[in-house]
Colleague: 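Please read through the structure below; I'll follow up with questions.
From a predicted model like this one, the values you see are computed outputs, not experimental measurements.
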Amino acid sequence: MSNINIVVAGPRGNMGKEAVKMVAATENFTLIAVIDSKNDGNLLADLADMPNLQVPVYTDMDRCFSEHDVDVLIDLTAPAFGKKHMEIAFMHGVRPVVGTTGFSEQDIKELRNKAEEKGLGAIIAPNFAVGAILMMKFSQMAAKYMPDVEIIERHHDRKLDAPSGTAIKTAQLIAEVREAKQQGHPNEKEELIGARGADFEGMKIHSVRLPGLVAHQEVIFGGEGQTLTIRHDSINRASFMPGVRLAVETVLKIDTLVYGLENIID
């Protein structure tokens, strides 16, 4: 495979640091620059706790893409910036691989239209862990036979959104094979508001936020005389990097926006 020139947005974040290391360690990937909210004009090697790489730091994404030949943007910043960064990438003919959440269905529709107008590939993945993708696929399979289901997702206490993008995506996949239905007793009452969790077509989604956690999810199915639990745990953020690598390699081969890594895994 030919060389792929890559820019990473959010290099000082936990995921961003792993992405920088992954790109630097991958034979046919070249880290051209990074996009940071500060440190403009410095080198990556100048930043604390970063690899000793002579790679320029930009705060202006437009300028970065104008000054360098970039194939792929890896964006692991915050939900508030994901859409804007994708639009800038499209303007410059750069293919985005985005790991932020918070995209509405309308956002995805608009971004897909822009990608197709430009003939560019784009990938948005709520979760890059291959095991998490398999957990979602297995959950969709199980829901055909056990439609009573609840989702519990657990993340570190610095996560800003709840429920997680993975939990929402899991519920969406299950909803494709499950008719909407209310679960629990029809007359149940929450003694404390929110005790039963968020509601997605009758499925309940519960979010836990605690220090010490990384990213964890279990999908619990209940049936007559039995339960089934499908669980995935990311022990560290390196677990997401094989999925990011796969997305970078795949985004060069497509000319539309793909939402969810499950769509590029057989």
Side-chain angles (χ1 to χ4, degrees), residues 5-16 18-20 23 32-38 40 57-66 68 70-129 132-133 136 153 155 158-173 198 200 207 215 240 243-244 246-248 250-252 254-264:
N5 291 339
I6 297 171
V7 167
V8 173
R12 289 182 295 113
N14 290 321
M15 282 282 285
E18 291 295 335
V20 165
V23 172
I32 295 296
V34 296
I35 309 294
D36 190 27
S37 60
K38 53 186 179 180
D40 188 55
V57 180
Y58 288 83
T59 56
D60 187 327
M61 186 174 285
D62 272 305
R63 186 163 67 88
C64 176
F65 291 160
S66 297
H68 298 278
V70 181
D71 298 310
V72 176
L73 166 69
I74 299 176
D75 190 301
L76 302 168
T77 54
F81 304 111
K83 183 180 180 183
K84 178 183 177 182
H85 289 174
M86 290 184 73
E87 290 171 343
I88 295 171
F90 290 149
M91 284 172 45
H92 291 271
V94 175
R95 296 167 184 254
V97 168
V98 179
T100 63
T101 56
F103 291 93
S104 68
E105 289 186 14
Q106 184 61 32
D107 289 337
I108 294 168
K109 182 179 179 181
E110 291 174 3
L111 289 165
R112 182 173 287 120
N113 287 339
K114 290 180 181 179
E116 291 176 354
E117 286 171 7
K118 296 280 189 178
L120 295 170
I123 295 174
I124 301 173
N127 197 318
F128 281 109
I133 304 309
M136 288 190 271
E153 57 94 352
H155 282 80
R158 297 171 306 285
K159 186 170 178 58
L160 298 177
D161 56 323
S164 68
T166 300
I168 293 172
K169 183 65 176 177
T170 304
Q172 290 171 337
L173 290 171
F200 188 100
S207 297
F240 302 114
V244 176
L246 174 63
V248 169
T250 302
V251 79
L252 294 169
I254 60 177
D255 55 6
T256 186
L257 185 152
V258 171
Y259 179 68
L261 208 64
E262 72 279 0
N263 294 303
I264 64 172

Colleague: Step by step, work out the side chain to side chain contact (heavy atoms under 4.5 Å, CB included) result for Tyr259 and Glu105.
Modeller: CA-CA 10 Å; Tyr259 179 68; Glu105 289 186 14; over 6 Å; no

Colleague: Sequence neighbours left out, what pairs pass ring pair (Phe, Tyr, Trp, His ring centres under 6.0 Å) with at least one residue falling in residues 85-119?
Modeller: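 Output for this query lists Phe65-His92, Phe81-His85.
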
Colleague: When rounded to the nearest 0.5 angstrom, what is the spacing between OG in Ser66 and CG in Asp60?
Modeller: 8.0 Å

Colleague: Is there a side-chain contact between Ile35 and Thr59, using heavy atoms and a 4.5 Å cut-off?
Modeller: no

Colleague: Side chain to side chain contact (heavy atoms under 4.5 Å, CB included) for Asp71 and Val94? Distances and angles first, verdict last.
Modeller: CA-CA 5 Å; Asp71 298 310; Val94 175; over 6 Å; no

Colleague: Starting at CZ of Arg12, measure out to OG1 of Thr77 and round the result to the nearest 0.5 Å.
Modeller: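 Going from CZ on Arg12 over to OG1 on Thr77, the span is 12.0 Å.
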
Colleague: Within this structure, what is the CZ-CD1 distance for the pair Phe200 and Ile168, rounded to the nearest 0.5 Å?
Modeller: 8.0 Å

Colleague: Drop me the distance from Thr256's OG1 to Glu116's CD, to the nearest 0.5 angstrom.
Modeller: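 Between Thr256 OG1 and Glu116 CD, I get 3.5 Å after rounding to 0.5 Å.
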
Colleague: Determine, step by step, whether Asp40 and Arg63 satisfy the side chain to side chain contact (heavy atoms under 4.5 Å, CB included) criterion, reporting the C-alpha distance in whole Å, the side-chain angles of both residues, the deciding distance to 0.1 Å, and the verdict.
Modeller: CA-CA 11 Å; Asp40 188 55; Arg63 186 163 67 88; 3.1 Å; yes

Colleague: So do His155 and Ser207 actually touch side chain to side chain, heavy atoms under 4.5 Å?
Modeller: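 Side-chain contact under 4.5 Å: no.
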
Colleague: Would you find a donor on one side and an acceptor on the other, under 3.5 Å apart, between the side chain of Asp255 and the backbone of Gly121?
Modeller: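 Checked: no pair found.
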
Colleague: Salt bridge check: are Lys159 and Asp161 linked by an N-O gap of less than 4.0 Å?
Modeller: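 A salt bridge is present here (some side-chain N lies under 4.0 Å from a carboxylate O).
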
Colleague: Evaluate the side-chain proximity of Val34 to Val7: yes if any heavy-atom separation is below 4.5 Å, no if none is.
Modeller: no

Colleague: Does the side chain of Val244 reach to within under 4.5 Å of the side chain of Ile74, using non-hydrogen atoms?
Modeller: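 A side-chain contact under 4.5 Å exists here.
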
Colleague: Any pair with a residue in residues 85-94 that passes salt bridge (charged side-chain N to carboxylate O under 4.0 Å, His left out), sequence neighbours left out, goes on the list, sorted by first then second residue, please.
Modeller: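 Checked against salt bridge (charged side-chain N to carboxylate O under 4.0 Å, His left out) - neighbours excluded - the pairs reaching residues 85-94 are Glu87-Lys114.
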
Colleague: Assess whether a salt bridge exists between Asp75 and Lys83, defined as any Lys/Arg side-chain N lying under 4.0 Å from an Asp/Glu carboxylate O.
Modeller: no

Colleague: Does Glu153 reach the main-chain N or O of Ala167 with its side chain, forming a donor-acceptor pair under 3.5 Å?
Modeller: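 A pair under 3.5 Å: no.
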
Colleague: Does the side chain of Leu73 reach to within under 4.5 Å of the side chain of Met86, using non-hydrogen atoms?
Modeller: no

Colleague: Which pair of heavy atoms, one from Val251 and one from Pro96, lies closest together, and at what distance?
Modeller: CG2-O, 3.9 Å

Colleague: Working to the nearest 0.5 angstrom, can you tell me the gap between Glu110 CD and Ser104 OG?
Modeller: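 Answer rounded to 0.5 Å: 7.0 Å.
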
Colleague: Do Asn263 side-chain atoms and Val258 backbone N/O form a donor-acceptor pair below 3.5 Å?
Modeller: no

Colleague: Would you call Leu76 and Phe128 a side-chain contact if the rule is heavy atoms closer than 4.5 Å?
Modeller: yes

Colleague: Under a 3.5 Å distance rule, please check whether Arg95 uses its side chain to pair with a backbone N or O of Leu120 as donor and acceptor.
Modeller: no

Colleague: Take Asp62 and Ile88 through the side chain to side chain contact (heavy atoms under 4.5 Å, CB included) test and state the conclusion after the steps.
Modeller: CA-CA 7 Å; Asp62 272 305; Ile88 295 171; 3.6 Å; yes

Colleague: Are any non-hydrogen side-chain atoms of Val72 and Asn5 less than 4.5 angstrom apart?
Modeller: no

Colleague: With rounding to the nearest 0.5 angstrom, report the CG to CG distance, Leu111 to Leu257.
Modeller: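 The distance works out to 6.5 Å.
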
Colleague: Any non-hydrogen side-chain atom of Phe240 less than 4.5 Å from a side-chain atom of Asn127?
Modeller: yes

